[in-house]
Engineer: 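The following block contains the structure, expressed as structure tokens.
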Amino acid sequence: MTELLLKYFRTKQQEVQSEKRYDTQCPFCSMQCKMQLLEQTIVTRKKYMTIGKDNPTSEGRLCIKGMNAHQHALHKDRIKYPLLKKNGEFVRISWEEALSHIKENFAKIQAEDGVNALSVYGSASISNEEAYLLGKFARVALKTKYIDYNGRLCMSAAASAASQTFGIDRGLTNSLSEVPFTKCIILAGTNIAECQPTIMPYFEQAKQNGAYIIAVDPRETATTKMADLHLKVKPGMDAALANGLLKVIIEEDLIDEAFIRERANGYKEVKEYVTSLELEEIAEMTGVPSEQIQKAAAMFGKEESGMIFTARGVEQQTDGSAAVRNFLNILIVTGKIGKVNSGYGAITGQGNGQGAREHGQKADQLPGYRMIENEEHRLHIASIWGIDESDLPRKGVSAYEMIEKINEGEITGMFLMCSNPIVSNPNANFVKKALKKLKFLVAVDMFVSETARLADLILPTSSYLEDEGTMTNLEGRVTLREASFSSPGEAKHDWQIICDIAKALGKGEHFPFQSANEIFEELRVASRGGTADYYGITYDRLRKEGGILWPCPSIDHKGTKRLFESSFAHPDGKAAMVVVNNVPNVPKEKPCTEFPLYLTTGRIMSHYLTGVQTRKSSSLAARNFESYMEIHPETAKKYQISDNTLVKIESRRGSIVVRSKWSATIRHDTIFVPFHWADSQNVNRLVSQDLDPTCKMPGFKVSAVKVHPILELTSH
């Protein structure tokens, strides 16, 4: 495709008056592919195309989203000026007026309702600099404890599991360069072929080199088709499946005794528990035949090297953190961690899902992956920020819990940056009703998203083409996104908006920054000595080296390609295994007479998150212009649902209308709906508000629903 476009451009070369190239990075998934926007002026028109650029992670590859990313950035619907809602309509105002409204309303809310009545809702799509600054803004300029971000809905289960097990949460414990040489790979709940297409060559190379690939997924996908063995697990039963694998590995003596003895705690308890289980009972619970469980365990246990990758299929459950920990138990008992070609990878969802959580957007964290309730950590950050430690707020609550506090009246104002919570959160009807209760909502966005429609004030922000800064990809590799394209109208960078508001609130001395690089220099110092140590990383180094894997504690440090080679990050240097019960002790819906089917949700290749950006791309929208329900033909016939017809899906919380899509590759008891659409097609209207008790992840992957053909309903 890229070659054809380049050929077309060359044939038009005689007509070209000018040509410009803009270096950038893809704004979408966590691969953070490097690319260039090519702009040519032909006669009186400008034409654009995006081409890949060589880099250590994606090696110049682009997927369909990256190739068309510029279409939303250049879209006519971009917000170019501050917009104030008057009599239900948005009208253009000046930045001076916008800042005055913010100052007046923020002051009034905190005077009437208390300092913590203001909240900040951030994003995993913004740069490290902006994530760092937003956390500082909440705690220094607003002095509120209520800040969290949309990454809570994406990476929190994997993050908490890795932190508890290893002491460090980095996307990959190894670099992607080791994947082609590992001998056995478990892909648990990840459809990388559609969600991170440019990562696929690593796994294809591994397969060519003889690797045995095991996929765990209720559906057959482009990823499972690559696998040698597909474990078609029942939704929500991943933790139990991992127990089955552990049982076989331990009882077949496929463990690494020396590794367990020297480098792990908790093995005895795990062994006692899993050996007490019956494999046939696990097979019945999970829907995976015992023969397949035995084969998968034997293949992974016997090979000299192996890797396990998890993603939202395992993680977006009310026991997601425990489920991931159980897959990590498998790595530990087989000794396949901290070694060449062996390790763990959490397939990060959002573009900066890794970096955005490391530097202060999460309710309980401070820059460098420090913890806000740790007194030593608080003192370090307070000294960097020039405030007294006693003035630093304590821990707040998770993203969805902030919505609950809005509903209860404890939070009455919100500063929302580059997120769309009424589409992305569970129990979406409730979320919309709650946000309508706010006294003042400020939204920073490129478009009038579904949530921005509810705002009192919308501030126009720059796109990935215009906003320079660092991003941290799924490997934990910090990269520098160059940006020199001009912003439209009066749109400002997120960091500029934060600094301008802080200045208006009288806190400008703490936000004196004139460039992203200046912010990064403070971030470096703030992260120094922390778990996520960026101190040795600079813009100059990133430009020369193309990306650096953290931790990187000094300027002469090359970055850490492989974690845990000699010890784990806990004080005793050992990994922490934990018993994970077959039956979770957390709320998890199961099908019943009224709601007889499992609903699971996920992504498709042509769209990203809530679709605000990709639905503005004509090329991407044309590929999938509406949502759909994937259902097995036999199940469809049982409920009198024809292929390619409108259907109503209902749960205990709401209903949506989508188009049916027969698929013989999905489980009979399960339907699948992508989550990129809003309003009457917003599948998160159906998802429960129950949260993982450890990480507060909603259970997006398991809901109980019923389905009806629309025609049948209207004919009675």
Engineer: Would you please name every residue forming a salt bridge (charged side-chain N to carboxylate O under 4.0 Å, His left out) with Asp238, sequence neighbours left out?
Structural biologist: none
Engineer: Between the side chain of Thr560 and the main-chain N/O of Arg562, is any donor-acceptor distance below 3.5 Å?
Structural biologist: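 Here the side-chain-to-backbone pair does not exist.
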Engineer: Just wondering, are more than 12 heavy atoms of other shown residues or ligands nearer than 6.0 Å to NZ in Lys561?
Structural biologist: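 No.
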Engineer: Under a 4.0 Å N-O cut-off, is there an ion pair linking Glu522 with Lys136?
Structural biologist: yes
Engineer: What about Phe327 and Tyr344, are their ring centers closer than 6.0 Å?
Structural biologist: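 Ring-ring flag for Phe327/Tyr344: false, centres at least 6.0 Å apart.
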Engineer: Using the test side-chain hydrogen bond (donor to acceptor under 3.5 Å, both in side chains), find all partners of Asp692 that sit at least two apart in sequence or belong to another chain.
Structural biologist: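 With neighbours one apart ignored, the set is empty.
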Engineer: Does any N or O in the side chain of Asn243 come within less than 3.5 Å of the main-chain N or O of Val274, such that one atom is a donor and the other an acceptor?
Structural biologist: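 No; judged by distance alone, with no hydrogens or angles, the pair does not exist.
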Engineer: Should the pair Glu194-Arg603 be classified as a salt bridge under the 4.0 Å nitrogen-to-oxygen rule?
Structural biologist: no
Engineer: Can Glu315 and Thr310 be counted as having a side-chain donor-acceptor contact under 3.5 angstrom?
Structural biologist: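 The criterion, which ignores hydrogens and geometry beyond distance, is satisfied for Thr310 and Glu315.
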Engineer: State which residues pass salt bridge (charged side-chain N to carboxylate O under 4.0 Å, His left out) with Asp228; sequence neighbours excluded, sorted by chain then number.
Structural biologist: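 Per chain and number, Asp228 pairs via salt bridge (charged side-chain N to carboxylate O under 4.0 Å, His left out) with Lys207.
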Engineer: Is the closest basic N to carboxylate O distance between Lys339 and Glu565 below 4.0 Å?
Structural biologist: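 Salt bridge absent between Lys339 and Glu565.
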Engineer: Are the aromatic ring centres of His557 and Tyr535 under 6.0 angstrom apart?
Structural biologist: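 Between His557 and Tyr535, the centre distance exceeds or equals 6.0 Å.
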Engineer: Check the surroundings of atom CD in Glu389: do more than 12 heavy atoms from other residues, nucleotides or ligands lie under 6.0 Å from it?
Structural biologist: yes
Engineer: Looking at Glu375, I want to see if its CD is surrounded by more than 12 non-hydrogen atoms of other residues, nucleotides or ligands under 6.0 Å.
Structural biologist: yes
Engineer: So which of Tyr534, Tyr132, Tyr149 actually passes ring pair (Phe, Tyr, Trp, His ring centres under 6.0 Å) with His359?
Structural biologist: Tyr534
Engineer: Side-chain contact, heavy-atom cut-off 4.5 Å: Ile537 with Arg524?
Structural biologist: no
Engineer: Atom NZ of residue position Lys232 - does it have more than 12 heavy atoms of other residues, nucleotides or ligands inside 6.0 Å?
Structural biologist: yes
